[in-house]
Amino acid sequence: MKAIELDKVYNPKNFEDRIYSQWVEDGDFRPSDAKGEPFTVVMPPPNVTGILHMGHALNNSLQDILTRYYRMGGRPTLWVPGTDHAGIATQNVVERQIAKEGLRRQDLGREKFLERTWQVKEKHHDIIVRQLKKIGSSCDWEHERFTMDEGLSKAVRETFVSLYERGLIYRGMYLVNYCPHCGTALADDEVEHQNDKGHLWNINYPLADGSGFITVATTRPETMFGDVAVAVNPDDERYRHLVGKMLKLPLTDREIPVIADSFVGIEFGTGMVKITPAHDPNDWECGKRHNLTPINILNPDGTLNDVCPEQFRGIPAEKARFMVADELLKQGYLGTVQDYDHEVGHCYRCNTTVEPYMSEQWFVKMRPLADKALKAWKDGRLEFHPKRWENTYSSWLENIRDWCISRQLWWGHRIPVWYCKDCGNMMVKREDPCCCEKCGSKNIEQDNDVLDTWFSSWLWPFSTLGWPEQTADFKRFFPTSTLVTAYDIIFFWVSRMIMASLEFTGEVPFKDIYITGLVRDKLGRKMSKSLGNGIDPLEVVDLYGADAMKFTLCYLAAQGQDVLIDMDSFKMGSKFANKIWNATRYILMNLEGRNIVEVKKEDLNDIDRWIYHSFNENAGKVNEALKGYRFNEGAQAVYDFFWNDFCDWYIEASKPELYSDDDARKDRIVSILLDLLARSMRLMHPFLSFITEEIYDRLPNTEGKVISAEFPVFDESLVSEKEAQFVESLQEAVRGIRNAKASLNIPPDKKLKVVIRTDEKGELSEFMKKYSSLISTFSNSGSIIIDDEKKEDITGAFPVAAPGFESFLFVREAIDVDKEIAKLKADIEKTKGLLAGVEKKLGNPNFVNNAKAEAIEKEKSKKAEFEEKLDKALKHIEALKLL
RNA sequence: GGGCGCUUAACUCAGCGGGAGAGUGCUACCUUCACACGGUAGAAGUCGCCAGUUCAAUCCUGGCAGCGCCUACCA
């Protein structure tokens with residue numbers, strides 16, 4: 001066989017793109033035809049507003065790991081990619097764009113504006129897809145979907161009409177959250193509350209009969225023009241006599257009544273509240289209770305309308321606030337003003353202060369849907385990982401409110417409702433109607449609004465598979481297996497998908513929900529454009545490679561904890577990939593003239609059996625970890641095995657074999673190394689996909705690609721506990737000698753005579769004898785003598801204790817006896833402490849009677865071990881004193 | 001106002017009822033032919049504070065403190 005050359009340095013740029021293309025070309029991401037339960041994941045569709053950030057990288061890395069793991073496990077595997085049209089967000093992007101040309105969307109008109117939006121969508125979509133490919137996502141591109149493509153639009157319309165028919169969609173005048181900047185209504189959870197600094201203004205409202213005035217407190221004086229009453233608590237003794245009286249509303253010529261309503265807090269402020277039903281949710285409810293007609297004071301753009309006195313018309317609310325206050329002051333109605341911090345709603349897309357605004361909107365009645373979703377969870381048909389998110393999920397559903405689904409936007413699914421301009425008939429239709437079905441008029445018009453973005457996203461797990469058609473994909477892959485997403489969209493998306501799915505398919509959309517943490521910078525701040533602390537995944541790939549990124553993220557992603565990183569964090573994965581590369585390079589460069597031979601199980605020596613044992617143990621750990629969504633544990637297991645056991649010990653131990661003159665020995669060790677390498681590539685493939693494929697393809701002992709190879713599982717026949725223990729002792733001996741040399745300031749490569757005196761003659765001493773040359777090589781010693789009969793003269797040698805044996809180094813160098821004795825004494829003190837603890841436990845009848853048998857056994861063996869250690873240390877001090 | 005999470009080595013974080021761990025950083029030595037993105041050795045922690053449960057607590061329970069997040073209509 002010829003040696004295989006690998007570049008000296010690991011350079012992922014040389015192969016990552018090539019390998020990805022090959023996978024796609026060979027259809028490796030397509031679900032196989034294998035029988036058995038498919039593993040299906042739908043990708044949370046990124047918004048077509050921007051490019052992928054680290055959060056996406058984390059999400060998709062974890063989905064990729066799962067997908068690759070189950071694919072190698074032999075299940076037909078489908079990972080559905082796609083993008084979301086992201087209504088408001090995308091529309092905002094386009095509006096900003098045309099604003100630079102001095103245009104508003106109204107200037108372009110609906111059709112032209114949508115054209116521009118589709119262009120933006122295409123552009124960002126292409127970038128996103130390129131990014132997903134760059135980071136190695138093994139999703140099936142033939143299944144790619146977009147929330148506004150034909151099939152999904154059909155699903156949206158089916159859903160809307162069907163919900164309407166079931167009486168779960170209604171339309172009405174309500175007070176909704178309204179963003180004046182975006183010009184649209186928002187759902188409750190699209191409003192973000194922030195603590196804003198404001199003022200609490202006290203305003204005096206004179207009694208109409210001239211008998212004085214009362215004082216109300218408000219944070220928004222400008223809304224007084226919408227006041228229809230002032231409320232007091234019915235139990236408030238102070239004001240009981242005022243109820244029913246009329247007040248003169250300052251700056252206007254209106255009069256409003258004093259009413260009693262129990263929602264008013266007696267202690268807060270003055271105990272009197274101005275009631276503005278059109279601009280406050282509480283007041284809205286209160287107004288309804290008292291049959292008060294709301295007065296809207298705002299234009300859709302957030303400026304004061306014609307209801308208000310002329311001087312304030314057209315002024316934005318926040319500015320008008322101070323003008324109104326000024327005017328009140330001037331006319332003597334303004335009382336005290338205090339600084340006041342309070343939570344104010346902001347638009348989650350543009351951060352503008354949200355106004356409660358009265359308008360006609362479409363709503364989904366959520367209670368019936370939420371009840372099904374709650375039941376599914378209570379029945380155990382859903383499982384969150386980590387479990388604590390189930391509380392978030394259930395408490396949201398328990399307190400669910402109706403969902404405002406209409407948006408005054410252009411970008412999105414138009415509401416499938418038509419109005420007849422002649423007879424006023426309203427039609428809710430699956431197919432576009434040509435004329436009014438009541439009066440036959442062709443003068444019909446479609447509702448101008450579009451649906452909330454989430455109205456299409458909530459169908460994602462089944463609409464992407466072809467629903468409402470009963471397609472082969474839908475039948476085969478739905479319900480899906482696992483959803484991986486971040487916790488910030490549990491309400492927006494996860495719970496709504498569950499509700500939609502239960503309502504329309506009767507099944508939960510996925511069984512497992514893995515909630516990732518958020519990616520933050522090292523100061524714990526969310527990565528954001530405005531802070532400039534974001535890390536671009538492509539930059540990481542460019543610098544360190546996609547494998548380094550995925551491995552690092554996975555290693556750090558412990559059970560949904562937030563991940564704090566900076567650019568340097570990825571060095572970890574990069575160094576690991578480099579280590580893998582170089583270990584492989586070493587093995588492949590030694591293939592010259594070698595033959596791959598079959599190594600039978602009985603031909604494995606103790607060291608070989610140990611490494612297979614270790615591989616097997618770690619393979620078991622990886623399987624358990626991934627099944628339980630403990631990604632970091634899986635990553636750690638492959639790291640520990642490959643670096644600590646395989647590279648640091650096994651490959652080092654293989655060197656004397658490889659450099660021997662015996663061809664059979666050389667063939668044997670090369671064959672084993674190649675076998676372990678191939679197994680390792682398979683085990684590591686989900687975590688480091690590109691490098692493992694690149695290496696696997698080059699190995700002379702493999703066929704096919706690693707992406708479709710079989711994933712290693714725990715194999716009982718590879719267990720070799722005894723060898724593992726012996727190798728542990730061997731490592732202990734080596735470390736003891738290295739340690740002693742360092743401590744005695746002896747150059748590490750200085751050859752010394754070492755006598756290892758085992759406590760007894762037996763399997764361990766036989767093992768040590770067999771591998772004494774290995775101990776010598778590892779510890780860079782001279783001759784190693786294994787003495788299991790205590791017959792070697794160890795006078796004047798430097799002693800090192802270990803469980804089961806002692807090492808004696810024959811050193812000529814001057815030893816700082818005092819220093820070494822001091823170290824031993826410190827060690828003795830520590831051991832005495834430990835021993836005392838153990839003895840106390842064993843002397844405690846409660847422990848002996850109550851503890852598990854294995855715990856007691858462990859304490860006993862610890863006791864023996866400590867005693868042995870103590871005994872040896874004391875003897876060693878005596879020996880040192882003689883030097 | 002409710003709820004959740006976090007507090008372990010200088011930093012980022014695992015672990016979680018029975019002798020404190022990783023990576024980075026730091027110190028010393030090593031350019032030995034896979035890898036200096038390396039090797040060997042080392043220093044470094046009262047596992048936030050106070051109680052309780054237990055034979056045994058970094059781990060369980062309760063309280064407290066600090067930080068972060070979510071949620072809520074107090075004008």
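Order of the sequence lines sets the chain letters (A, B, ...), proteins ahead of strands, with each chain counted from 1. None of these values were measured; they are calculated from a predicted model. For the numbers below, each heavy atom of this structure counts, side chains included, while hydrogens, waters and symmetry mates do not.
No engagement by Met272(A) is indicated, since no non-hydrogen atom pair under 4.0 Å with the nucleic acid exists. Using a 4.0 Å heavy-atom cutoff across all strands shown, Glu857(A) reaches no nucleic acid atom at all. At a threshold of 4.0 angstrom between heavy atoms, the contacts of Glu859(A) are confined to the sugar-phosphate backbone, with no base atom among them. Within 4.0 Å of Leu564(A), counting heavy atoms only, lie sugar-phosphate atoms of the nucleic acid but no base atom. Within 4.0 Å of Lys840(A), counting heavy atoms only, lies no atom of the nucleic acid at all. Contacts of Glu865(A) with the nucleic acid, taken as non-hydrogen atoms under 4.0 Å apart, include base atoms. Across all strands, Phe551(A) comes closer than 4.0 Å to no nucleic acid atom at all (heavy-atom distances). Across all strands, Arg401(A) comes closer than 4.0 Å only to sugar-phosphate atoms, never to a base (heavy-atom distances). Ala558(A) comes within 4.0 angstrom of sugar-phosphate atoms only, judged by non-hydrogen atoms across all strands, and of no base. Using a 4.0 Å heavy-atom cutoff across all strands shown, Val264(A) reaches at least one base atom of the nucleic acid.
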Distances under 3.5 Å only, N/O to N/O: pair up the protein atoms with those of nucleotides 38-42 of chain B.
unit_1, atom_1, unit_2, atom_2, d
G38(B), OP2, Lys575(A), NZ, 3.4
G38(B), O3', Lys579(A), NZ, 3.2
G39(B), OP1, Lys579(A), NZ, 3.3
G39(B), OP1, Trp643(A), NE1, 2.6
U40(B), O3', Arg738(A), NH1, 3.4
G42(B), OP1, Asn739(A), ND2, 2.8

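Residues Asp640(A) and Lys621(A) are not paired through a salt bridge, judged by the lack of any N-O separation under 4.0 Å between the basic side chain and the carboxylate.
Ranked by how close their nearest RNA chain B nucleotide is to the 5' end, Cys647(A) and Gly265(A) are led by Cys647(A).
Contact check, Lys655(A) against A34(B): a side-chain N or O comes under 4.0 Å of OP1 or OP2.
A donor-acceptor pair shorter than 3.5 Å can be found between the side chains of Tyr487(A) and Asp562(A). Tyr586(A) and Ser654(A) share a side-chain donor-acceptor pair at under 3.5 Å. Of the N and O atoms on the side chains of Asn202(A) and Thr336(A), at least one donor lies less than 3.5 Å from an acceptor on the other residue.
A cation-pi arrangement is absent between Lys550(A) and Phe690(A), since the terminal nitrogen or guanidinium carbon is not both under 6.0 Å from the aromatic centre and inside a 45° cone about the axis.
The backbone N or O of Val264(A) lies less than 3.5 Å from a partner atom in the side chain of Asn233(A), making a donor-acceptor pair.
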(Q) Test salt bridge (charged side-chain N to carboxylate O under 4.0 Å, His left out) on Lys571(A) and Asp568(A); report intermediate values, then the result. (A) CA-CA 6 Å; Lys571(A) 280 185 181 164; Asp568(A) 280 350; 3.7 Å; yes
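Helical stems involving RNA chain B, defined as 3 or more consecutive Watson-Crick or G-U pairs under 3.5 Å, span B:1-7 with B:65-71, B:10-13 with B:21-24, B:26-30 with B:38-42, B:48-52 with B:60-64.
Listed nucleotides: C4(B), A34(B), A14(B). Nearest to the side chain of Gln561(A): A14(B).
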